[in-house]
> 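To start, I am sharing the structure in question, which I have written as C-alpha coordinates.
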Amino acid sequence: MGRTRELIDKLEEASRLEKEEWASLIRERTPEDAEYLFEKARKWQRKYYGNKVYTRGLVEFTNYCKNDCYYCGIRRGNRNAERYRLTEEEILECCRTGYGLGFRTFVLQGGEDGWFSQEALEGLVRTIKAEYPDCAVTLSIGERTYDSYQRLFAAGADRYLLRHETADEGHYRLLHPAELSLANRKQCLFHLKEIGYQTGTGFMVGSPGQTPETLAQDMMFIRELEPHMVGIGPFVPHHDTPFANEAGGTVELTLFLIGLLRVMFPKLLIPSTTALGTIDPNGREKGVLAGANVVMPNLSPVSVRKKYELYDNKICTGDEAAECRGCLQRRMERIGYELAAARGDHPDAAA
Ligand code: 5AD
Ligand code: FES
(Lines give C-alpha, C1' and ligand atoms only; values in the text may rest on other atoms or scores of the structure.)
(Ligands and ions follow the chains in the order given, each with its own letter.)
Protein backbone atom coordinates (compact mmCIF):
# COMPACT_ATOMS: atom_id res chain seq x y z
CA MET A 1 0.00 0.00 0.00
CA GLY A 2 1.36 3.42 -1.00
CA ARG A 3 2.21 6.28 1.29
CA THR A 4 -0.85 8.31 0.31
CA ARG A 5 -3.23 5.57 1.39
CA GLU A 6 -1.37 5.16 4.63
CA LEU A 7 -1.97 8.85 5.26
CA ILE A 8 -5.67 8.48 4.45
CA ASP A 9 -5.83 5.61 6.96
CA LYS A 10 -3.99 7.68 9.53
CA LEU A 11 -6.37 10.59 9.03
CA GLU A 12 -9.35 8.29 9.51
CA GLU A 13 -7.79 6.81 12.62
CA ALA A 14 -6.43 9.94 14.33
CA SER A 15 -8.58 12.67 12.76
CA ARG A 16 -5.45 14.81 12.33
CA LEU A 17 -2.22 14.95 10.32
CA GLU A 18 1.00 16.93 10.52
CA LYS A 19 1.44 19.81 8.10
CA GLU A 20 3.95 17.91 5.93
CA GLU A 21 1.62 14.92 5.83
CA TRP A 22 -1.30 17.02 4.61
CA ALA A 23 0.85 18.63 1.95
CA SER A 24 2.27 15.37 0.63
CA LEU A 25 -1.14 13.69 0.70
CA ILE A 26 -2.49 16.51 -1.44
CA ARG A 27 0.56 16.71 -3.69
CA GLU A 28 0.94 12.99 -4.38
CA ARG A 29 -2.69 11.92 -4.76
CA THR A 30 -3.57 9.63 -7.68
CA PRO A 31 -6.99 8.77 -9.13
CA GLU A 32 -6.74 5.39 -7.39
CA ASP A 33 -6.07 7.09 -4.05
CA ALA A 34 -9.11 9.26 -4.65
CA GLU A 35 -11.33 6.21 -5.22
CA TYR A 36 -9.97 4.68 -2.02
CA LEU A 37 -10.73 7.93 -0.18
CA PHE A 38 -14.25 8.32 -1.59
CA GLU A 39 -15.20 4.80 -0.51
CA LYS A 40 -14.21 5.62 3.03
CA ALA A 41 -15.97 8.99 2.80
CA ARG A 42 -19.21 7.34 1.64
CA LYS A 43 -18.94 4.77 4.41
CA TRP A 44 -18.98 7.54 7.03
CA GLN A 45 -21.57 9.53 5.17
CA ARG A 46 -23.84 6.46 5.14
CA LYS A 47 -23.22 5.76 8.83
CA TYR A 48 -24.36 9.21 10.00
CA TYR A 49 -26.66 10.39 7.23
CA GLY A 50 -27.80 7.32 5.30
CA ASN A 51 -28.69 8.36 1.77
CA LYS A 52 -30.14 11.68 2.93
CA VAL A 53 -28.95 15.02 1.61
CA TYR A 54 -29.97 18.08 3.59
CA THR A 55 -31.20 21.19 1.81
CA ARG A 56 -30.99 24.86 2.65
CA GLY A 57 -32.86 27.56 0.79
CA LEU A 58 -30.44 30.33 -0.11
CA VAL A 59 -31.73 33.92 -0.19
CA GLU A 60 -29.16 36.31 -1.63
CA PHE A 61 -30.68 39.47 -0.23
CA THR A 62 -28.10 42.14 -1.11
CA ASN A 63 -25.14 42.34 -3.46
CA TYR A 64 -23.86 45.63 -2.05
CA CYS A 65 -20.52 45.05 -0.32
CA LYS A 66 -18.04 47.35 1.37
CA ASN A 67 -15.18 44.91 0.79
CA ASP A 68 -12.95 44.62 -2.24
CA CYS A 69 -11.72 41.00 -2.25
CA TYR A 70 -9.81 40.44 -5.46
CA TYR A 71 -11.63 37.24 -6.43
CA CYS A 72 -15.22 38.33 -5.92
CA GLY A 73 -17.60 39.61 -8.59
CA ILE A 74 -19.58 41.77 -6.15
CA ARG A 75 -16.50 43.52 -4.72
CA ARG A 76 -17.13 47.24 -4.20
CA GLY A 77 -14.64 48.12 -6.94
CA ASN A 78 -16.69 46.41 -9.63
CA ARG A 79 -18.53 49.30 -11.27
CA ASN A 80 -20.24 46.96 -13.67
CA ALA A 81 -22.09 45.03 -10.98
CA GLU A 82 -25.76 45.99 -10.98
CA ARG A 83 -26.56 46.46 -7.32
CA TYR A 84 -29.79 45.39 -5.62
CA ARG A 85 -31.31 44.90 -2.21
CA LEU A 86 -34.39 42.87 -1.42
CA THR A 87 -36.97 44.47 0.85
CA GLU A 88 -37.95 42.74 4.06
CA GLU A 89 -41.23 41.78 2.41
CA GLU A 90 -39.39 40.27 -0.56
CA ILE A 91 -37.13 38.27 1.73
CA LEU A 92 -40.15 36.96 3.64
CA GLU A 93 -41.80 36.07 0.37
CA CYS A 94 -38.75 33.93 -0.52
CA CYS A 95 -39.10 32.14 2.81
CA ARG A 96 -42.82 31.62 2.22
CA THR A 97 -42.16 30.06 -1.17
CA GLY A 98 -39.31 28.04 0.30
CA TYR A 99 -41.37 26.73 3.17
CA GLY A 100 -44.02 25.53 0.73
CA LEU A 101 -41.36 23.73 -1.27
CA GLY A 102 -40.16 21.91 1.85
CA PHE A 103 -37.19 23.96 3.03
CA ARG A 104 -36.64 24.04 6.80
CA THR A 105 -33.46 26.12 6.74
CA PHE A 106 -33.20 29.59 5.27
CA VAL A 107 -29.77 31.00 4.57
CA LEU A 108 -29.70 34.78 4.37
CA GLN A 109 -26.57 35.67 2.46
CA GLY A 110 -25.34 39.03 1.34
CA GLY A 111 -22.38 41.29 0.87
CA GLU A 112 -21.24 43.38 3.83
CA ASP A 113 -23.94 45.99 3.36
CA GLY A 114 -24.30 48.63 6.07
CA TRP A 115 -27.68 49.69 4.70
CA PHE A 116 -29.22 46.87 6.72
CA SER A 117 -28.84 48.11 10.29
CA GLN A 118 -28.24 45.84 13.23
CA GLU A 119 -31.84 46.45 14.31
CA ALA A 120 -33.21 45.69 10.85
CA LEU A 121 -31.29 42.40 10.73
CA GLU A 122 -32.44 41.41 14.20
CA GLY A 123 -36.01 42.26 13.25
CA LEU A 124 -35.75 40.17 10.11
CA VAL A 125 -34.44 37.17 12.02
CA ARG A 126 -37.18 37.56 14.65
CA THR A 127 -39.91 37.81 12.06
CA ILE A 128 -38.73 34.70 10.21
CA LYS A 129 -38.36 32.69 13.41
CA ALA A 130 -41.81 33.79 14.61
CA GLU A 131 -43.44 32.79 11.34
CA TYR A 132 -41.46 29.54 10.98
CA PRO A 133 -40.54 28.30 14.45
CA ASP A 134 -39.70 24.89 13.01
CA CYS A 135 -37.03 26.33 10.71
CA ALA A 136 -33.39 27.20 11.20
CA VAL A 137 -32.09 30.60 10.15
CA THR A 138 -28.52 30.77 8.91
CA LEU A 139 -26.75 34.07 8.41
CA SER A 140 -23.93 34.63 5.95
CA ILE A 141 -23.23 38.35 6.14
CA GLY A 142 -19.54 38.60 6.82
CA GLU A 143 -17.36 39.97 9.58
CA ARG A 144 -19.11 41.71 12.48
CA THR A 145 -18.41 42.51 16.11
CA TYR A 146 -18.91 40.03 18.94
CA ASP A 147 -21.77 42.15 20.19
CA SER A 148 -23.50 42.15 16.83
CA TYR A 149 -23.17 38.37 16.46
CA GLN A 150 -24.40 37.96 19.99
CA ARG A 151 -27.53 40.04 19.44
CA LEU A 152 -28.36 38.30 16.19
CA PHE A 153 -28.06 34.99 18.00
CA ALA A 154 -30.35 36.29 20.76
CA ALA A 155 -32.81 37.33 18.04
CA GLY A 156 -32.98 33.68 16.98
CA ALA A 157 -30.31 33.04 14.36
CA ASP A 158 -29.16 29.44 14.63
CA ARG A 159 -26.19 29.17 12.31
CA TYR A 160 -23.56 31.33 10.64
CA LEU A 161 -21.43 30.80 7.55
CA LEU A 162 -18.13 32.62 7.18
CA ARG A 163 -15.48 31.05 4.99
CA HIS A 164 -11.97 31.75 6.18
CA GLU A 165 -10.90 31.67 2.47
CA THR A 166 -7.30 30.67 3.30
CA ALA A 167 -5.52 30.06 6.58
CA ASP A 168 -2.11 31.09 5.25
CA GLU A 169 -1.06 34.69 6.00
CA GLY A 170 0.83 35.28 2.75
CA HIS A 171 -1.93 33.72 0.69
CA TYR A 172 -4.57 35.76 2.52
CA ARG A 173 -2.67 38.93 1.59
CA LEU A 174 -2.62 37.89 -2.05
CA LEU A 175 -6.41 37.49 -2.13
CA HIS A 176 -7.46 40.54 -0.09
CA PRO A 177 -6.74 44.26 0.17
CA ALA A 178 -4.80 45.49 3.20
CA GLU A 179 -7.86 46.49 5.26
CA LEU A 180 -8.88 42.85 5.69
CA SER A 181 -6.96 40.50 7.94
CA LEU A 182 -6.80 36.78 8.49
CA ALA A 183 -6.50 37.38 12.23
CA ASN A 184 -9.84 39.17 12.34
CA ARG A 185 -11.46 36.54 10.15
CA LYS A 186 -10.36 33.78 12.50
CA GLN A 187 -11.39 35.84 15.52
CA CYS A 188 -14.89 36.16 14.08
CA LEU A 189 -15.11 32.40 13.62
CA PHE A 190 -14.06 31.66 17.18
CA HIS A 191 -16.55 34.25 18.42
CA LEU A 192 -19.37 32.65 16.45
CA LYS A 193 -18.61 29.26 17.94
CA GLU A 194 -18.30 30.66 21.43
CA ILE A 195 -21.69 32.39 21.17
CA GLY A 196 -23.27 29.10 20.25
CA TYR A 197 -23.91 29.29 16.52
CA GLN A 198 -23.59 26.17 14.43
CA THR A 199 -20.66 27.55 12.53
CA GLY A 200 -19.56 27.01 8.96
CA THR A 201 -16.29 27.95 7.38
CA GLY A 202 -14.54 27.01 4.14
CA PHE A 203 -12.38 28.13 1.28
CA MET A 204 -12.08 28.22 -2.48
CA VAL A 205 -10.13 25.45 -4.20
CA GLY A 206 -7.54 26.57 -6.72
CA SER A 207 -7.53 30.25 -5.84
CA PRO A 208 -4.49 32.14 -7.19
CA GLY A 209 -1.40 31.35 -5.11
CA GLN A 210 -2.86 28.28 -3.41
CA THR A 211 -0.41 25.41 -2.91
CA PRO A 212 -0.45 22.03 -1.15
CA GLU A 213 1.15 23.86 1.78
CA THR A 214 -1.54 26.53 2.04
CA LEU A 215 -4.18 23.79 1.76
CA ALA A 216 -2.41 21.96 4.59
CA GLN A 217 -2.87 25.11 6.67
CA ASP A 218 -6.57 25.20 5.75
CA MET A 219 -7.05 21.63 6.92
CA MET A 220 -5.18 22.32 10.14
CA PHE A 221 -7.18 25.45 10.84
CA ILE A 222 -10.41 23.52 10.28
CA ARG A 223 -9.12 20.82 12.65
CA GLU A 224 -8.50 23.50 15.27
CA LEU A 225 -11.81 25.36 14.83
CA GLU A 226 -13.92 22.19 14.65
CA PRO A 227 -16.73 23.86 12.73
CA HIS A 228 -20.10 22.20 12.15
CA MET A 229 -19.99 22.86 8.43
CA VAL A 230 -17.28 23.37 5.82
CA GLY A 231 -18.12 24.68 2.35
CA ILE A 232 -15.56 24.40 -0.39
CA GLY A 233 -15.94 25.05 -4.08
CA PRO A 234 -13.62 25.72 -6.97
CA PHE A 235 -12.38 29.24 -7.54
CA VAL A 236 -14.03 30.45 -10.75
CA PRO A 237 -12.63 33.64 -12.27
CA HIS A 238 -14.96 36.60 -12.65
CA HIS A 239 -14.36 38.77 -15.73
CA ASP A 240 -14.63 42.10 -13.86
CA THR A 241 -12.09 41.36 -11.12
CA PRO A 242 -8.29 41.54 -10.87
CA PHE A 243 -8.28 37.74 -11.15
CA ALA A 244 -10.14 37.67 -14.48
CA ASN A 245 -7.30 35.94 -16.27
CA GLU A 246 -6.27 33.51 -13.54
CA ALA A 247 -6.85 29.78 -13.85
CA GLY A 248 -9.84 28.31 -12.03
CA GLY A 249 -9.86 25.44 -9.55
CA THR A 250 -10.53 21.86 -10.64
CA VAL A 251 -13.35 19.45 -9.95
CA GLU A 252 -10.81 16.76 -9.19
CA LEU A 253 -9.04 18.57 -6.35
CA THR A 254 -12.32 19.87 -4.93
CA LEU A 255 -13.69 16.33 -4.72
CA PHE A 256 -10.50 15.03 -3.13
CA LEU A 257 -10.68 17.70 -0.44
CA ILE A 258 -14.37 16.97 0.22
CA GLY A 259 -13.38 13.34 0.77
CA LEU A 260 -10.61 14.35 3.19
CA LEU A 261 -13.01 16.58 5.15
CA ARG A 262 -15.52 13.74 5.49
CA VAL A 263 -12.86 11.32 6.71
CA MET A 264 -11.38 13.86 9.16
CA PHE A 265 -14.80 14.81 10.61
CA PRO A 266 -17.30 12.02 9.80
CA LYS A 267 -20.33 14.03 11.02
CA LEU A 268 -19.40 17.29 9.30
CA LEU A 269 -22.01 19.08 7.21
CA ILE A 270 -20.45 19.52 3.78
CA PRO A 271 -22.31 21.27 0.97
CA SER A 272 -21.90 20.24 -2.62
CA THR A 273 -21.61 23.77 -3.89
CA THR A 274 -23.06 25.79 -6.73
CA ALA A 275 -19.51 26.61 -7.87
CA LEU A 276 -18.85 22.88 -8.27
CA GLY A 277 -22.07 22.60 -10.28
CA THR A 278 -20.95 25.54 -12.38
CA ILE A 279 -17.68 24.05 -13.65
CA ASP A 280 -19.13 20.56 -14.18
CA PRO A 281 -22.74 19.83 -15.18
CA ASN A 282 -22.72 16.90 -12.73
CA GLY A 283 -20.48 18.58 -10.18
CA ARG A 284 -22.97 18.55 -7.33
CA GLU A 285 -23.70 14.85 -7.83
CA LYS A 286 -19.96 14.14 -7.83
CA GLY A 287 -19.57 16.17 -4.65
CA VAL A 288 -22.16 14.04 -2.85
CA LEU A 289 -20.46 10.87 -4.07
CA ALA A 290 -17.17 12.21 -2.65
CA GLY A 291 -18.75 12.72 0.79
CA ALA A 292 -20.82 15.94 0.72
CA ASN A 293 -24.29 15.82 2.34
CA VAL A 294 -25.87 19.24 1.84
CA VAL A 295 -27.15 21.19 -1.14
CA MET A 296 -28.10 24.85 -1.05
CA PRO A 297 -30.45 25.63 -3.90
CA ASN A 298 -31.27 29.21 -4.71
CA LEU A 299 -34.52 30.73 -3.40
CA SER A 300 -33.80 34.28 -4.49
CA PRO A 301 -36.26 35.89 -6.91
CA VAL A 302 -35.24 34.93 -10.45
CA SER A 303 -35.14 38.64 -11.34
CA VAL A 304 -32.07 39.26 -9.15
CA ARG A 305 -30.23 35.97 -9.44
CA LYS A 306 -28.02 37.00 -12.31
CA LYS A 307 -26.88 40.02 -10.30
CA TYR A 308 -25.50 37.97 -7.42
CA GLU A 309 -22.66 36.94 -9.65
CA LEU A 310 -19.65 36.11 -7.48
CA TYR A 311 -18.05 34.33 -10.45
CA ASP A 312 -18.71 33.84 -14.16
CA ASN A 313 -21.35 31.47 -15.56
CA LYS A 314 -22.99 30.79 -12.21
CA ILE A 315 -25.75 28.22 -12.65
CA CYS A 316 -29.40 28.55 -11.59
CA THR A 317 -29.64 32.18 -12.65
CA GLY A 318 -31.97 31.79 -15.64
CA ASP A 319 -35.75 31.38 -15.91
CA GLU A 320 -35.35 27.64 -16.21
CA ALA A 321 -34.01 27.63 -12.64
CA ALA A 322 -37.17 28.95 -11.00
CA GLU A 323 -37.42 25.74 -9.07
CA CYS A 324 -34.03 24.42 -8.03
CA ARG A 325 -35.37 22.16 -5.34
CA GLY A 326 -37.15 19.87 -7.80
CA CYS A 327 -34.13 19.89 -10.06
CA LEU A 328 -31.83 18.84 -7.24
CA GLN A 329 -34.26 16.23 -6.01
CA ARG A 330 -34.19 14.54 -9.42
CA ARG A 331 -30.41 14.86 -9.58
CA MET A 332 -29.94 13.26 -6.16
CA GLU A 333 -32.41 10.45 -6.86
CA ARG A 334 -30.49 9.56 -9.99
CA ILE A 335 -27.43 8.77 -7.86
CA GLY A 336 -29.33 6.91 -5.15
CA TYR A 337 -29.77 9.73 -2.64
CA GLU A 338 -32.80 11.73 -1.53
CA LEU A 339 -33.40 15.21 -0.20
CA ALA A 340 -34.25 15.26 3.49
CA ALA A 341 -37.19 17.36 4.67
CA ALA A 342 -35.58 18.26 8.00
CA ARG A 343 -33.77 21.22 9.50
CA GLY A 344 -30.56 19.27 9.19
CA ASP A 345 -28.73 20.31 12.33
CA HIS A 346 -25.30 18.96 13.05
CA PRO A 347 -25.82 15.69 15.00
CA ASP A 348 -23.92 17.08 18.00
CA ALA A 349 -25.75 20.40 18.00
CA ALA A 350 -29.38 19.42 17.42
CA ALA A 351 -31.78 21.86 19.05
N1 5AD B 1 -15.10 31.81 -7.34
C2 5AD B 1 -15.58 30.90 -6.44
N3 5AD B 1 -16.06 31.24 -5.24
C4 5AD B 1 -16.10 32.54 -4.93
N5 5AD B 1 -16.51 33.17 -3.82
C6 5AD B 1 -16.34 34.50 -3.99
N7 5AD B 1 -15.83 34.75 -5.21
C8 5AD B 1 -15.64 33.54 -5.81
C9 5AD B 1 -15.12 33.12 -7.05
N10 5AD B 1 -14.68 34.00 -7.96
C11 5AD B 1 -16.92 32.45 -2.60
C12 5AD B 1 -16.12 32.90 -1.38
C13 5AD B 1 -17.20 33.43 -0.46
C14 5AD B 1 -18.44 32.72 -0.94
C15 5AD B 1 -19.73 33.36 -0.58
O16 5AD B 1 -18.27 32.68 -2.34
O17 5AD B 1 -15.47 31.78 -0.80
O18 5AD B 1 -16.94 33.18 0.90
FE1 FES C 1 -30.99 25.21 -9.87
FE2 FES C 1 -30.91 22.77 -11.12
S3 FES C 1 -30.51 23.27 -9.09
S4 FES C 1 -31.62 24.69 -11.90
Side-chain angles (χ1 to χ4, degrees), residues 53 55-58 60-63 65 67-75 78 81 101 103 107-112 138-143 160-167 171-172 175-176 180 185 188-189 200-208 210 218 229-251 254 271-285 287-288 295-300 302 305-306 308-334 339:
V53 175
T55 60
R56 285 81 166 86
L58 182 64
E60 299 158 332
F61 70 95
T62 172
N63 73 348
C65 191
N67 293 332
D68 217 16
C69 308
Y70 302 139
Y71 45 83
C72 185
I74 63 166
R75 62 200 300 269
N78 181 9
L101 289 167
F103 290 101
V107 182
L108 305 184
Q109 184 173 86
E112 293 194 15
T138 304
L139 297 176
S140 179
I141 50 177
E143 297 181 15
Y160 205 102
L161 306 179
L162 182 71
R163 290 184 176 182
H164 66 279
E165 312 297 359
T166 173
H171 189 212
Y172 198 91
L175 301 181
H176 302 98
L180 292 171
R185 197 86 178 168
C188 287
L189 283 160
T201 192
F203 56 88
M204 293 173 289
V205 176
S207 59
Q210 187 175 70
D218 289 320
M229 179 155 173
V230 175
I232 63 172
F235 163 69
V236 184
H238 184 287
H239 62 279
D240 278 325
T241 64
F243 290 162
N245 298 316
E246 300 288 336
T250 65
V251 176
T254 305
S272 198
T273 57
T274 303
L276 190 54
T278 293
I279 64 166
D280 181 326
N282 293 314
R284 287 168 299 176
E285 290 88 329
V288 168
V295 290
M296 300 174 60
N298 205 318
L299 264 186
S300 312
V302 174
R305 283 192 196 177
K306 186 86 193 97
Y308 201 84
E309 195 191 36
L310 308 180
Y311 46 81
D312 286 345
N313 307 316
K314 189 174 163 218
I315 53 168
C316 304
T317 60
D319 291 330
E320 82 293 348
E323 223 272 67
C324 289
R325 191 186 170 93
C327 172
L328 273 165
Q329 186 158 334
R330 287 189 294 279
R331 286 170 175 272
M332 292 301 128
E333 281 168 4
R334 251 181 276 143
L339 297 188

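Ligands are counted one by one from 1 in listed order, and the atoms in each one are counted from 1 as well.
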> May I ask you to check whether Val236 has an N/O atom sitting below 3.5 Å from an N/O atom of ligand 1?
yes
> Can a salt bridge be assigned to the pair Arg305 and Glu60 using a cut-off of 4.0 Å between side-chain N and carboxylate O?
no
> Which bit of Arg284 gets closer than 4.0 Å to ligand 2, counting heavy atoms only: side chain, backbone, both or neither?
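The answer is the side chain of Arg284.
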> Can you pull out the closest protein heavy atom to atom 16 (O) of ligand 1? Residue, atom name and distance to 0.1 Å, please.
Leu310 CD1, 3.4 Å
> When you measure from atom 5 (N) of ligand 1 to every protein heavy atom, which one gives the shortest distance, and what is it?
Met204 SD, 3.8 Å
> Between the side chains of Lys314 and Glu309, is the shortest nitrogen-to-carboxylate-oxygen separation below 4.0 Å, so that they form an ion pair?
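So Glu309 does not pair with Lys314 through a salt bridge.
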> Going by the order shown, which atoms of ligand 1 are within less than 4.0 Å of some heavy atom of Glu165?
12 (C), 13 (C), 17 (O), 18 (O)
> Ignoring hydrogens and geometry, is there a side-chain-to-backbone donor-acceptor pair from Thr241 to Cys72 under 3.5 Å?
no
> Return the minimal non-hydrogen interatomic distance between His171 and Thr166, and the atom names on each side.
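Result for this residue pair: ND1-OG1, 2.8 Å.
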> Give the numbers and elements of all ligand 2 atoms closer than 4.0 Å to a heavy atom of Cys316.
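So the answer, numbered in order with elements, is 1 (Fe), 3 (S), 4 (S).
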> Between Tyr71 and His176, does the ring centroid distance fall short of 6.0 Å?
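Yes - the distance between ring centres of Tyr71 and His176 falls below the 6.0 Å cut-off.
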> I'd like to check which ligand 2 atoms, numbered from 1 as shown, lie under 4.0 Å from a non-hydrogen atom of Cys327.
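Numbered from 1, ligand 2 contributes 2 (Fe), 3 (S), 4 (S).
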> So is Tyr71 polar-close to ligand 1, meaning N/O to N/O under 3.5 Å?
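Yes; at least one N/O pair falls below 3.5 Å.
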> Using a 4.0 Å heavy-atom threshold (strictly under), name the region of Arg163 that reaches ligand 1: side chain, backbone, both or neither.
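Under 4.0 Å from ligand 1, Arg163 contributes side-chain atoms alone.
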> Tell me the protein heavy atom at minimum distance from atom 2 (C) of ligand 1, and give that distance in Å.
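Among all protein heavy atoms, the one nearest atom 2 (C) of ligand 1 is Pro234 O, 3.3 Å.
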> Answer yes or no: is there a donor N or O on one side and an acceptor on the other, between the side chain of Arg284 and the main chain of Ser272, under 3.5 Å?
no
> Under 3.5 Å, is there a donor-acceptor pair between the side chain of Arg75 and the main chain of Cys69?
yes
> Suppose I only count heavy atoms of Cys324 and a 4.0 Å limit; which atoms of ligand 2 are within that range?
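Ligand 2 atoms under the 4.0 Å threshold to Cys324: 1 (Fe), 3 (S), 4 (S).
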> With heavy-atom distances below 4.0 Å as the criterion, list the atoms of ligand 1 near Cys72.
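Result: 7 (N).
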> Examine distances only and state if a side-chain atom of Ser207 and a backbone atom of Phe235 form a donor-acceptor pair shorter than 3.5 Å.
no
